Every structure is written in structure tokens, then in C-alpha cells.
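Worksheet for the structure shown next.
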Amino acid sequence: MKNIPFLDNWLKRRDAARGTAVIALGDAGGDSDTEGLAKLLAECELLRVRAGDAGLELDDSPASLEALDQLTPRWRDDPEELPWLGNDAGLYLGSVIVRTVPGAVWGLWPSGQPVVRLASGREINVVEFGLDWAVNGAPELSQVYAEIAEL
């Protein structure tokens, strides 16, 4: 397994989950529950609206993450919207990973925090990455995706 310093540091910081929590959907092991959870987490309505306002249609592809990274971060002007948009950015990042990285699935920590579980068993707190991206612009969503896709 590759040593990716910034990703390894993020993975160690699982103690205080930030972002949206979701409740389990019925029997946690069923396929319909997994699909329902994936559909719920992929909505990212605020992010999709803001991207659309900038002329960008999010198609759940890695290329759309690169396009998001290029947007002018006007959302930073609104401190009330910032955490919501960051949460959506993390969920969108997770949705792209789940759809394009073999073996990646959504999971929930006991706190209800959604995470992406890779085939290797590693869990990625994508919401934390999204929040940092929205606030600081780094790490870029496309960079996080590229690092995770290599694992």
C-alpha cells in the first residue's frame, strides 16, 4: 500500500467527526439500504445548485471534481452557507468515489457520520475533506480523489 502523507494524516483524525450524520436505513446489511443510502448522500442539492449557477453540471465523474476545484469560491462570502456547501462537497466526492472506484461503498460510523469504505477496509471521512476544501480550497477534491483511486 502506498504511503500518502496527507491522506494518512486525515485518516488518523477520526475522533471528532464533522458534518452531517445520517440514520441507518432499516436492516444495515440489505442491498436496497445501501442503494438508498447512496442515493440520499448523492443529492448534494446546495452544491449542485451553486455549481449550476456557475454553469457547471455535476455528472458524478472525476472530471467534475476537477471542474469544481476551478470554481471561484463565492460561497466563502456566506459563513452560514459555507459548512453546508462543504458538507455537500464531501458527500459529492464520496459519491464519485463510490461510483468509480472498484469496491468502494458508503458506510456509517456509529455516530451516523457517512464515510467511504474502500475495498482494502480503509474508511475515508469525505465530509471532512469537503469542509476543508470549501473553507480553505485545499486539498483539492480532484487531488483527494486521485490519491484514493490509487489505493
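Note that the structure is predicted; figures quoted are calculated from it, not measured.
Under the side chain to side chain contact (heavy atoms under 4.5 Å, CB included) test applied with P114, the options N87, L37, L40, L108 reduce to a single match, L108.
Remark: R50 engages E81 in a salt bridge, criterion side-chain N to carboxylate O under 4.0 Å. By the 4.0 Å N-to-carboxylate-O rule, R99 lies too far from D59 to be salt-bridged with it.
In this structure a side-chain-to-backbone donor-acceptor pair under 3.5 Å is present from D69 to S142. A donor-acceptor distance shorter than 3.5 angstrom exists from the side chain of Y92 to the backbone of D60, with no hydrogens or angles considered. Judged by distance alone, the side chain of W75 and the main-chain N or O of A134 form a donor-acceptor pair under 3.5 Å.
Residues L118 and A104 approach most closely at CD2-CB, 4.2 Å, considering heavy atoms. Across P83 and L131, no two heavy atoms sit closer than the pair O-CD2, 3.4 Å. Residue A67 comes nearest to L56 through the heavy atom pair CB-CD1, 3.5 Å, listed as atom of the first residue, atom of the second, then distance. Closest approach of S95 to A42, counting heavy atoms only: OG-CA, 3.3 Å. Nearest approach of P139 to D132, heavy atoms of both residues: CD-CB, 4.5 Å. Shortest non-hydrogen contact noted between A51 and L71 is CA-CD1, 4.3 Å.
Distance CD1/I148 to CD1/I97: 3.5 Å, rounded to 0.5 Å. The CD atom of E43 sits 10.0 Å away from atom CG of L91, with the distance rounded to the nearest 0.5 Å. Note: Q113 CD to E123 CD = 11.0 Å, rounded to the nearest 0.5 Å. Between F129 atom CZ and L93 atom CG the span is 8.0 Å, to the nearest 0.5 Å.
Residues Y145 and V101 meet the side-chain proximity criterion, which asks for heavy atoms closer than 4.5 Å. For the pair N125/W109, a side-chain contact is recorded, criterion being any heavy-atom separation below 4.5 Å from C-beta on. Residues V135 and R76 have side chains not in contact (no heavy-atom distance under 4.5 Å, counting atoms from C-beta outward). Within the 4.5 Å cutoff, side-chain heavy atoms of W133 are placed close to those of L85. Using a 4.5 Å heavy-atom cutoff, the side chains of S61 and T100 are not in contact. The closest side-chain heavy-atom distance from L58 to L68 is below 4.5 Å.
Residues V105 and V98 do not share a hydrophobic cluster, defined by chaining ILVMFWY side chains whose heavy atoms lie under 4.5 Å apart.
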